[in-house]
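One structure below.
Bear in mind the structure is a predicted one, so any value in this text is a computation, not a measurement. Below, chains carry the letters A, B, ... as their sequence lines are ordered, and counting in each starts from 1.
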Protein chains: 2
Amino acid sequence: MNTTKYSRQRETIKEYLANTKDHPSADMVYAHLRKTIPNISLGTVYRNLNLLVSQGEAVKLSFGNGPDRFDGNITPHYHFVCTECGYIDDLEISEDDVARINDIASENFDGKILGHYAYFYGKCGSCK
Amino acid sequence: MNTTKYSRQRETIKEYLANTKDHPSADMVYAHLRKTIPNISLGTVYRNLNLLVSQGEAVKLSFGNGPDRFDGNITPHYHFVCTECGYIDDLEISEDDVARINDIASENFDGKILGHYAYFYGKCGSCK
DNA sequence: GTTAATATTAGTAATAATTATCAATATTGA
DNA sequence: TCAATATTGATAATTATTACTAATATTAAC
């Protein structure tokens, strides 16, 4: 078996993810947690982030370059990356929007589209 | 200045990309090119792939895990990844589709959306 | 509250993917 | 043919992440 036991490290990671909109990388989580748990190791951060993702308690975001980012907001939404300042913002979407985009792609395809991964880019409110 | 000089390595990479629909990784390009240029180096492959991308002659694709893939087809289109067999297929789209998707995301956003990166997943024609 | 079973950790080594460095070679135009 | 310089192969370095392991922490049963 593999029952999950409590760990302060994991709880602190969850708490941090729940309270930030920074979409932090593992390194950023590590830097933050060292303030309260000085001898936490980066491996522990990665291990727990991946565990949370596999349990559906967090989401992993990949943006082509740079390290993966993590999001504690598991409600369906897209992300926006400002090409000017790098800020990652949340984009509200409805289930309908997701379906509409899948439909657009399905038009000329003979397989079965189950979902998509997407992010948007441009200039954020303060940079434009 | 930095004028581009001919190189057989680069020409062979372009030719390979132009004639395959495999969306190869740098490693796959390297393995293929070694057949005709046995002592080509992986660094040369990476250097030229990135050069072609920066000159708009190829496109780099990132799929969250695994190495980046490269596509010699620079006409706008999306990609589909089969979750069963890993096959990467092209998805036809119109400029209109791209604009429609940007519009969907723009609805509740105060910045300026200039574009998006997306790929679709599901089961391909033969796996479904 | 001790104990036993085992999940988790810190620390470190290893791996994967990619980029940087550099002396030798190839291309190009004069 | 020559000089200027872009490109290469080889290798080292870097970045991001995962794997390994002995020590520690958690948990449920006594």
>> If a pair means Watson-Crick or G-U wobble with both distances below 3.5 Å, what does DNA chain C look like in dot-bracket form, with | marking bases paired to a different strand?
In response: ||||||||||||||||||||||||||||||
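Here B:L51 sits alone; no ILVMFWY side chain lies under 4.5 Å from its own, so it joins no hydrophobic cluster. Under a 4.5 Å side-chain heavy-atom cut-off, the cluster of Ile, Leu, Val, Met, Phe, Trp and Tyr residues that includes A:I101 is completed by A:Y78, A:F80, A:L91, A:I93, A:V98, A:I104, A:F109, A:I113, A:F120, B:Y78, B:F80, B:L91, B:I93, B:V98, B:I101, B:I104, B:F109, B:I113, B:F120.
Applying the salt bridge (Lys or Arg N to Asp or Glu O under 4.0 Å) test to pairs two or more places apart or on separate chains, those with a residue in residues 118-128 of chain A are A:E84-A:K123. Listed by first and then second residue, the ring-ring contact (aromatic ring centres under 6.0 Å, His included) pairs that reach into residues 7-56 of chain B are B:Y16-B:H32, B:H23-B:H79, sequence neighbours excluded. Sorted by first and then second residue, the pairs that involve residues 92-109 of chain A and meet salt bridge (Lys or Arg N to Asp or Glu O under 4.0 Å), not counting sequence neighbours, are A:D97-A:R100.
The side-chain hydrogen bond (donor to acceptor under 3.5 Å, both in side chains) check on B:S41 picks up B:T44, with sequence neighbours excluded. Not counting sequence neighbours, the partners of A:K14 by the side-chain hydrogen bond (donor to acceptor under 3.5 Å, both in side chains) test are A:E57. Considering only residues two or more places apart in sequence or on other chains, A:N102 meets the side-chain hydrogen bond (donor to acceptor under 3.5 Å, both in side chains) condition with A:H116. Evaluation of the side-chain hydrogen bond (donor to acceptor under 3.5 Å, both in side chains) rule for B:N73 yields B:T75 as partners, not counting sequence neighbours.
Atom CG in A:L49 sits roughly 15 Å away from atom P in C:dT8 (whole-Å rounding). Put simply, CG on A:L33 is 14 Å from C1' on C:dT9, counting in whole angstrom units. For the pair A:R10 CZ and C:dA10 C1', the computed distance is 15 Å after rounding to whole Å.
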> Which nucleotides of nucleotides 9-18 of chain D have their base under 4.0 Å from a protein heavy atom (B), which only their sugar-phosphate (S), and which neither (-), written as one string 5' to 3'?
Replying inline: BB-----SBB
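Taking the six-membered ring wherever Trp is involved, the centroid distance between the rings of A:F63 and A:Y119 falls below 6.0 Å.
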Might you list the N or O atoms of the protein lying below 3.5 Å from N or O atoms in nucleotides 24-27 of chain D, with each pair's distance?
from: D:dT26; atom 1: O2; to: A:K5; atom 2: NZ; distance (Å): 2.9
from: D:dT27; atom 1: OP1; to: A:Y6; atom 2: N; distance (Å): 3.2

